[in-house]
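Structure, as structure tokens:
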Amino acid sequence: MPLSLLAQESTTQDASLNAKQRVTVLEEVIVSATKRDANLRDIPLSIDAFSGDSLREIGASSIESIARFSPGVSVSPGLDPEAAQVIIRGVSTDTFFTFFTRTFGMFYEDVSMVNPSILGPQPNIDPYDLKTVEILKGPQGTLFGGSALAGAIRYVPNKPDFDEGYGQLAASTTEHARSDSMSHRYDVMANIPLGEKFAARFVASKTARPGYITDLRSGRDDINSSQSEQFRGLLSWRATENFSLNYSGMRRETHQDDGAFANTIGQPTHSERFFPDVLDSRTDIHTLTADWAFEHFDVVAVAANMTKDYPQRLDYSQFFGTSTAGIGTYGDTYIESEQPSAEIRIVSGAPTESDWWILQDWSYVAGVFYVFSDQFLALNIGTETTGDLLRLRGMLRRRSTQHFLTLPAH
């Protein structure tokens, strides 16, 4: 089994400069942004597609860094890396809070990672060993639902390779401005064929980023450090020449020791912090996909389940103005959700043939998808001396079924 081992050390400025020089949008690549494999050049939509390898090479490990190379797309940081607000063509909401809906869709292949109401964490997926990251600009409601008002972002993983076994290990360190510490990153990938009909692929990455903010109240330096871990496991079974079954599982966990907000103007310091902003998140996605290939069309069935957990404690002293009286106010928030979904679609294998000219030479995608979202929010606000002064509980359940049909001319 071939194995490659990579190690590197770089500075933030050098990485940024090299990224601008080397990044390229893939123009001749097969993408599945329209729920069928097609050459990017043949799709009449505004799409930017990046390979996971090219993103890794330039050190782009988050949606913030990827969006820099997609014109018309910007990212506004949220309370933590799992709450970034993506703005596509200027369409966005007027808030950065994690409670509310978004104007863009975000998908792990065919699974929506955005909840319809109470969002919780919005996985900022590490693109290591992804086949492509696809950014679709403009309304995508026909294929991806109402949340994709401004556009959609799709993370498409590499599938298991049946031909040979191989793997990769990688480690890197990076300097950060204002911080006394280095960030560390570790990646591992293994592709394992299991006979002629089975293959597996396992991918894991871990990132530790140092903080850069000084807390004047406690005297601690670099308080806003963060860590993230991500694991993907994919299994493929080629049962027959015309039928295959694929399983994909992903877990992403993040932890941030303190928030990235500074209270003093012009200085990266926290002068009025009474409580550390501790933010944790976990997202699990399990997907089962079945593909049937017939003579003139393919049938694809997808069943998935996504769960999210998002406990956090935030210092609300500045927001409520109690810091001026020397009183610290906290907000304990817990958001969780479970979101099963299902989809079945028919994809034409070749342009249609008909004696009627209006029905001739068309390619089509038709189907239906269903999603049910069970969402829960708990919020406690209080002070250290009084305990909880306000307790809020909310639960939302939403079902959605949508049909779609696209008929792009061949």
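Just so you know, residue 1 is the first one in the sequence shown, and it goes up from there.
Scored by the salt bridge (Lys or Arg N to Asp or Glu O under 4.0 Å) test, E336 finds no partners at all (sequence neighbours excluded). With sequence neighbours left out, F275 forms a ring-ring contact (aromatic ring centres under 6.0 Å, His included) with Y330. Remark: F320 pairs with Y316 by the ring-ring contact (aromatic ring centres under 6.0 Å, His included) rule, at least two apart or across chains. Residues that satisfy the salt bridge (Lys or Arg N to Asp or Glu O under 4.0 Å) test with D291, not counting sequence neighbours, are absent from this structure. Partners of F243 by ring-ring contact (aromatic ring centres under 6.0 Å, His included), not counting sequence neighbours, listed by chain and number: W292. Residues satisfying the salt bridge (Lys or Arg N to Asp or Glu O under 4.0 Å) criterion with R251, sequence neighbours excluded, are D284. For A342, the side-chain contact (heavy atoms from CB on, under 4.5 Å) criterion is met by no residue, not counting sequence neighbours. Taking S341 as the reference, A304, V371 meet the side-chain contact (heavy atoms from CB on, under 4.5 Å) condition, with sequence neighbours excluded. Every residue two or more places apart in sequence or in another chain that forms a ring-ring contact (aromatic ring centres under 6.0 Å, His included) with F297 is listed here: F294. Looking at residues two or more places apart in sequence or on another chain, you find a salt bridge (Lys or Arg N to Asp or Glu O under 4.0 Å) between D388 and R391. With sequence neighbours excluded, the residues satisfying side-chain contact (heavy atoms from CB on, under 4.5 Å) with H184 are T173, M182, Y186.
Remark: Q168 CD to D129 CG distance equals 7.5 Å, nearest 0.5 Å. Rounding to the nearest 0.5 Å places CZ of F372 at 4.5 Å from CZ of R399. Rounded to the nearest 0.5 angstrom, L392 CG and I381 CD1 are separated by 6.5 Å. Interatomic distance, CE of M106 versus CD1 of I153, reported as 4.0 Å (0.5 Å rounding). Here the CD-OH distance, from Q122 to Y310, works out to 9.5 Å after rounding to the nearest 0.5 Å. Taken to the nearest 0.5 Å, the NZ atom of K131 stands 11.5 Å off from the OG atom of S51.
More than 12 heavy atoms of other residues, nucleotides or ligands lie within 6.0 Å of NZ in K159, so this atom counts as buried by the packing criterion. Other residues, nucleotides and ligands place no more than 12 heavy atoms under 6.0 Å from the CD atom of E384. The environment of CZ in R393 is crowded: more than 12 heavy-atom neighbours from other residues, nucleotides or ligands sit within 6.0 Å.
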### Query
So E134 and L136, side chain to side chain contact (heavy atoms under 4.5 Å, CB included) or not? Walk me through it.
CA-CA 6 Å; E134 303 166 1; L136 294 77; 4.2 Å; yes
### Message
Quick one, I135 with I66, criterion side chain to side chain contact (heavy atoms under 4.5 Å, CB included). Give me CA distance, side-chain angles, the key distance, then yes/no.
### Response
CA-CA 10 Å; I135 302 178; I66 296 172; 4.3 Å; yes
### Task
Give the intermediate values and the outcome of side chain to side chain contact (heavy atoms under 4.5 Å, CB included) for residues T289 and V302.
CA-CA 5 Å; T289 305; V302 182; 4.0 Å; yes
### Message
Working note: M250 + I125, criterion side chain to side chain contact (heavy atoms under 4.5 Å, CB included); need CA distance, chi angles, decisive distance, verdict.
### Response
CA-CA 10 Å; M250 185 195 75; I125 290 182; 3.8 Å; yes
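For the pair F162 and P193, the minimum side-chain heavy-atom distance is 4.5 Å or more. The closest side-chain heavy-atom distance from I335 to K308 is not below 4.5 Å. The shortest distance between side-chain heavy atoms of R345 and D298 does not fall below 4.5 Å. R201 places a side-chain heavy atom less than 4.5 Å from the side chain of N158. At a threshold of 4.5 Å between non-hydrogen side-chain atoms, the residues M306 and N115 count as touching. By the 4.5 Å heavy-atom criterion applied to side chains, V368 and I344 are counted as neighbours. Inter-residue side-chain proximity for M189 and D187 is flagged as unmet; no heavy-atom pair is nearer than 4.5 Å.
Checked by atom type and distance alone, the side chain of K197 pairs as donor or acceptor with a backbone atom of A239 at under 3.5 Å. A donor-acceptor contact shorter than 3.5 Å links the side chain of N191 to the backbone of E164. In terms of modelled atom types and a separation under 3.5 Å, the side chain of N124 and the main chain of I63 share a donor-acceptor contact. Without hydrogens or angle criteria, D277 side chain to D315 main chain gives a donor-acceptor distance under 3.5 Å. Although no hydrogens or angles enter the test, the distance criterion places no donor-acceptor pair under 3.5 Å between the side chain of S54 and the main chain of F50.
Of all heavy-atom pairs spanning S70 and D48, the tightest one is OG-OD2, 2.6 Å. Of all the heavy atoms in F107 and A152, the pair that sits closest is CE1-CB, 4.0 Å. For the residue pair R252 and D126, the shortest heavy atom distance occurs at NH1-N, 3.9 Å. Annotation for Y155 and P157: closest pair O-CD, 3.7 Å, computed over non-hydrogen atoms. Looking at every heavy atom in both residues, A199 comes nearest to D161 through CB-O, 3.9 Å. The shortest heavy-atom contact between D280 and Q256 is OD1-N, 4.4 Å.
With no hydrogens or angles considered, a side-chain donor-acceptor pair links Y108 and S248 at under 3.5 Å. In this structure, a donor-acceptor pair under 3.5 Å is present between the side chains of S373 and Q339.
A salt bridge does not link E253 with R282: none of the charged nitrogens is closer than 4.0 Å to a carboxylate oxygen. Ion pairing of R154 with D110 is present here, as a side-chain N (NZ or NE/NH1/NH2) and a carboxylate O approach within less than 4.0 Å.
Listed by first and then second residue, the side-chain hydrogen bond (donor to acceptor under 3.5 Å, both in side chains) pairs that reach into residues 231-240 are S236-N246, sequence neighbours excluded.
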